[in-house]
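Throughout, a chain's letter reflects where its sequence line sits, starting with A, and its residues are numbered from 1. Fair warning: this is a prediction, and the values are worked out from it, not measured in the lab.
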Amino acid sequence: MKLDAKIPSGPLAEKWDRRKFEMKLVAPANKRKYRIIVVGTGLAGASAAATLAELGYFVDAFCFQDSSRRAHSIAAQGGINAAKNYQGDGDSIYRLFYDTVKGGDFRSREANVYRLAQVSAQIIDQAVAQGVPFAREYGGLLANRSFGGAQVSRTFYARGQTGQQLLLGAYSSLSRQIGLGMVNMHERTEMLDVVVVNGRAKGIITRNLKTGVIRRHLADAVVLATGGYGNVFYLSTNAIGCNVTATFRAYRRGAGFANPCFTQIHPTCIPVSGDYQSKLTLMSESLRNDGRVWVPKKKGDKRIPVEIPENERDYYLERKYPSFGNLAPRDIASRSAKQVCDEGRGIGESGLGVYLDFSDAIARLGEDKIRERYGNLFHMYQKITDENPYNVPMRIYPAVHYTMGGLWVDYDLQSTIPGLFVIGEANFSDHGANRLGASALMQGLADGYFVLPYTLANYLASTPREQVSVDSAEFAELEKSVRDRMYRLLSIKGKRSPASFHRELGSIMWEHCGMARNKDGLMKALRKIPELREEFYKNLLVKGGNEEFNQQLERAGRVEDYFEFAELMCMDALEREESCGGHFREEFQTDDGEARRNDERFKHVAVWEYKGDEKPVRHQEALEFETVQLATRSYK
Amino acid sequence: MRVTLKVWRQKSKDDTGRFETYTPQNISSSMSFLEMLDVVNEELITQGKDPIAFDHDCREGICGACSLVINGTAHGPQRGTTVCQLHMRSFRDGEEIYIEPWRAKGFPVIRDLVTDRSAFDRIMQAGGFVSVNAGGAQDANCLPVPKQCADKAMDAAACIGCGACVAACKNASAMLFVSAKVSQLSLLPQGQPERARRVLNMLRQMENESFGGCTNTLECEAVCPKEISVEHIARLNREFASAALVSEEG
Ligand SMILES: Cc1cc2nc3c(=O)[nH]c(=O)nc-3n(C[C@H](O)[C@H](O)[C@H](O)COP(=O)(O)OP(=O)(O)OC[C@H]3O[C@@H](n4cnc5c(N)ncnc54)[C@H](O)[C@@H]3O)c2cc1C
Ligand code: FES
């Protein structure tokens with residue numbers, strides 16, 4: 001597998017301009033001769049599909065929900081970063097770039113991150129022009145808040161519904177292009193394979209979730225914008241349907257998978273309450289602007305929070321990280337929560353929880369101000385827990401939230417399969433080993449509105465057009481293999497539901513490949529997963545048939561892919577013998593429990609190549625830091 | 001706790017459909033309503049029966065996928081709450097609970113509790129946007145927007161497109177849905193140039209999709225999980241009146 005990142009030469013700040021100038025263009029009249037497939041209509045996919053159509057390409061777009069507006073991006077709460085420096089507090093493109101590289105624990109590619117920071121400002125311009133109602137000050141200008149891992153206020157937001165508003169903005173642009181006939185939108189349609197002809201991505205195979213019809217789609221290029229795979233843990237903050245199928249199937253067709261073990265555990269989620277639980281709910285990081293995190297100093301202190309006096313509380317983030325305090329980055333805040341709970345100081349019935357307390361902020365600013373800032377989040381918390389966070393501190397605990405790993409892409413966002421591009425959370429490119437809050441929305445929209453439309457044009461313009469037809473052997477074979485797969489799942493006729501296998505797989509992953517990992521645990525997981533998978537193939541029960549609306553069959557296909565993928569994650573976590581960002585190997589920590597990186601051995605991206613029945617092969621893309629000094633990350 | 005469920009089961013669009021009764025075990029009051037249905041489905045699967053199909057995804061009240069009529073009320077008994085955020089503690093021990101899909105001509109049933117709401121997307125495609133291509137926008141702070149306008153626009157923009165408003169309306173009108181978008185964009189400077197076209201095109205599409213007209217029964221506002229106000233329908237009507245006067249292009 002050849003890994004050429006294609007990073008342009010020259011100074012960091014000029015690379016993107018240079019690349020744009022060097023790239024070939026497609027003449028306006030020729031654009032309509034090209035067909036592009038975009039799988040996914042989250043922020044990345046919707047913005048890409050709309051922009052490509054605006055430029056004049058014909059686009060086929062796909063999502064598994066009943067409407068493109070319901071992609072998981074809709075759930076993002078807190079905000080989106082941009083280096084606008086509207087607050088005059090010292091922000092700049094360079095600072096956003098630096099914060100992101102440092103936040104990612106020096107495991108991302110400088111050039112990509114710099115470009116992300118460069119185009120960030122344009123995203124806000126575009127969203128405002130679409131009518132996105134961002135929060136504003138009385139003077140009519142845009143408001144900002146702070147997010148973890150930054151000491152400037154650069155996060156734009158629309159109450160606690162920033163993802164919704166940005167997605168509806170992108171959806172409106174997409175809708176306009178659908179209305180104009182430039183985008184053919186396929187809802188309730190799941191991509192189940194990528195078709196590669198003569199080494200290039202030429203189409204996909206889909207299943208219509210309403211009718212079960214399996215179909216071939218031809219294109220000049222394929223874009224995957226299918227989101228992250230956090231649901232491999234079963235319980236996560238992701239929407240129930242989020243899955244790894246699209247990227248995993250592409251991996252099986254030859255796309256390298258980068259850093260699969262890099263997952264983000266978000267520190268502020270509502271704790272698990274029972275074994276029926278189907279998902280975990282995030283309480284936005286923005287709450288840490290005003291909420292203070294604490295646990296009792298004493299072990300096993302079961303008093304209710306108001307009865308615990310100030311001097312018997314441990315505001316551990318403020319104590320350990322005085323300069324960032326409650327706004328320490330996610331990986332650090334999560335790990336600290338785990339540490340205090342492991343020490344027996346966790347709160348709530350299970351002891352797996354810490355307090356997020358607003359009483360000081362309410363005393364300082366008044367309840368109304370807090371309601372204005374976080375009203376919908378408080379409301380949501382109350383609905384789920386039946387507790388009123390205006391009166392008692394919230395109980396929170398870390399939960400799986402985001403996946404930094406994803407398909408490997410070069411600077412042009414192209415995977416190792418020519419013609420297959422990957423954008424948004426589905427790729428690995430910008431967040432290294434830990435993503436900073438409010439940066440996923442930024443990356444998804446940067447990729448879709450401002451990067452992919454250029455780089456894809458370059459691919460089309462520099463690739464000779466071959467005549468490929470959906471009747472070719474490649475398409476026919478893959479269609480058959482997808483159908484066979486569905487029939488195979490249906491024919492097992494065992495006793496257990498797909499969800500029950502998913503839940504069990506998730507608990508293996510959480511236990512051994514979650515917030516803290518070690519060699520023994522990972523080896524154990526690598527034994528348990530294949531055992532469970534074997535049972536899956538013997539004892540799965542999916543009622544009904546393929547040619548109908550069948551939610552169990554959908555789920556079974558996704559769980560099947562999670563099985564193989566979970567193994568890949570564990571292998572990756574095992575081989576990365578260092579701690580960095582969200583990947584914490586217990587064997588590699590400092591005396592005070594912080595992550596110990598090993599730059600000598602692991603200053604690289606791990607890229608996995610599929611080898612069929614044999615063990616996948618691990619390749620490396622070395623990371624060169626030309627601008628940033630590698631340092632031990634400190635938020636003290 | 002114990003509950004008796006009467007669930008609408010319908011194999012496909014053309015099937016007539018019927019209620020079936022289930023008495024699930026192992027229900028706890030801290031489960032969400034959809035988690036309760038998950039438990040029912042697990043039981044059905046182990047008994048070798050067809051699980052109940054229902055739409056859901058985010059399970060936190062924002063994607064707009066979940067869409068159940070519970071005891072005659074869209075999204076169930078709790079105000080300002082989607083069914084995925086409803087918890088079993090809102091029901092009495094021993095209660096009988098009727099669960100049905102959205103019922104409206106514009107939303108045909110696909111299976112059981114799942115309906116086809118693509119008509120909403122087509123209404124958006126007819127005009128629910130500002131025509132601005134990526135790359136052409138000016139600096140975001142060039143046009144100040146009074147805070148109260150931005151806040152009002154946000155109130156409208158909070159719509160999740162679930163369709164409860166249609167399901168609750170005796171005319172199956174989509175006015176609250178359409179008004180939310182029209183209102184949002186008419187309150188912002190960015191929405192001005194296409195103001196007249198937008199309202200006319202969206203309303204025309206609404207009629208084409210066989211949604212009814214509004215007769216001010218306000219049921220829509222009562223069930224809206226995002227508590228979108230019928231004030232926006234009033235604004236829509238004003239927009240329509242002035243658009244009909246000024247616009248010739250339609
Ligand atoms: C609760 C929550 C809050 C968050 N808050 C923030 C925040 O405040 N700020 C921030 O920056 N980030 C936030 N994030 C992260 C951010 O929301 C996501 O990383 C981002 O939205 C992902 O966007 P995407 O376009 O890559 O993918 P998604 O939005 O996940 O979209 C994936 C799309 O792919 C489609 N798809 C997937 N698989 C298939 C398939 N096989 N076939 C067909 N279609 C498929 C889906 O239908 C969907 O349209 C949050 C995440 C969560 C879970
Ligand atoms: S499942 Fe998303 S709103 Fe209910």
* Given that the side chain runs from C-beta out, which part of A:Phe156 has a heavy atom under 4.5 Å from chain B: side chain, backbone, both or neither? -> neither
* **Polar side-chain atom of A:Arg136 near backbone of B:Cys149 as donor-acceptor pair, under 3.5 Å** => no
* Asked: Is there side-chain contact between A:Gln164 and B:Ile160, with at least one heavy-atom pair below 4.5 Å?
  -> yes
* Taking atom types as modelled, find out whether B:Ser30 and A:Tyr276 have a side-chain donor-acceptor pair closer than 3.5 angstrom. => yes
* Note, A:Tyr86 side chain near B:Asp139 side chain (heavy atom, < 4.5 Å) -> yes
* To do: Go through the atoms of A:Thr385 and report whether side chain, backbone, both or neither lie under 4.5 Å from a heavy atom of chain B.
  => backbone
* What part of A:Leu141 gets closer than 4.5 Å to chain B, counting heavy atoms only: side chain, backbone, both or neither? -> both
* **Whether B:Gln184 side chain and A:Gly131 backbone form a donor-acceptor pair below 3.5 Å** => yes
* Asked: Ignoring hydrogens and geometry, is there a side-chain-to-backbone donor-acceptor pair from A:Lys279 to B:Cys58 under 3.5 Å?
  -> yes
* Hey, is the main chain of B:Gly48 close enough, under 3.5 Å, to the side chain of A:Lys543 for a donor-acceptor pair? -> yes
* Asked: Who wins among B:Gln78, B:Met154, B:Met124, B:Gln190 for the most heavy-atom pairs under 4.5 Å with chain A?
  -> B:Met154
* Asked: Should the pair A:Arg159-B:Asp155 be classified as a salt bridge under the 4.0 Å nitrogen-to-oxygen rule?
  -> yes
* Under a 4.5 Å heavy-atom cutoff, which of B:Asp55, B:Asp112, B:Leu44 has the most pairs with chain A? -> B:Asp55
* Asked: What part of A:Thr237 is in contact with chain B, defined as an atom under 4.5 angstrom from a non-hydrogen atom: side chain, backbone, both or neither?
  -> backbone
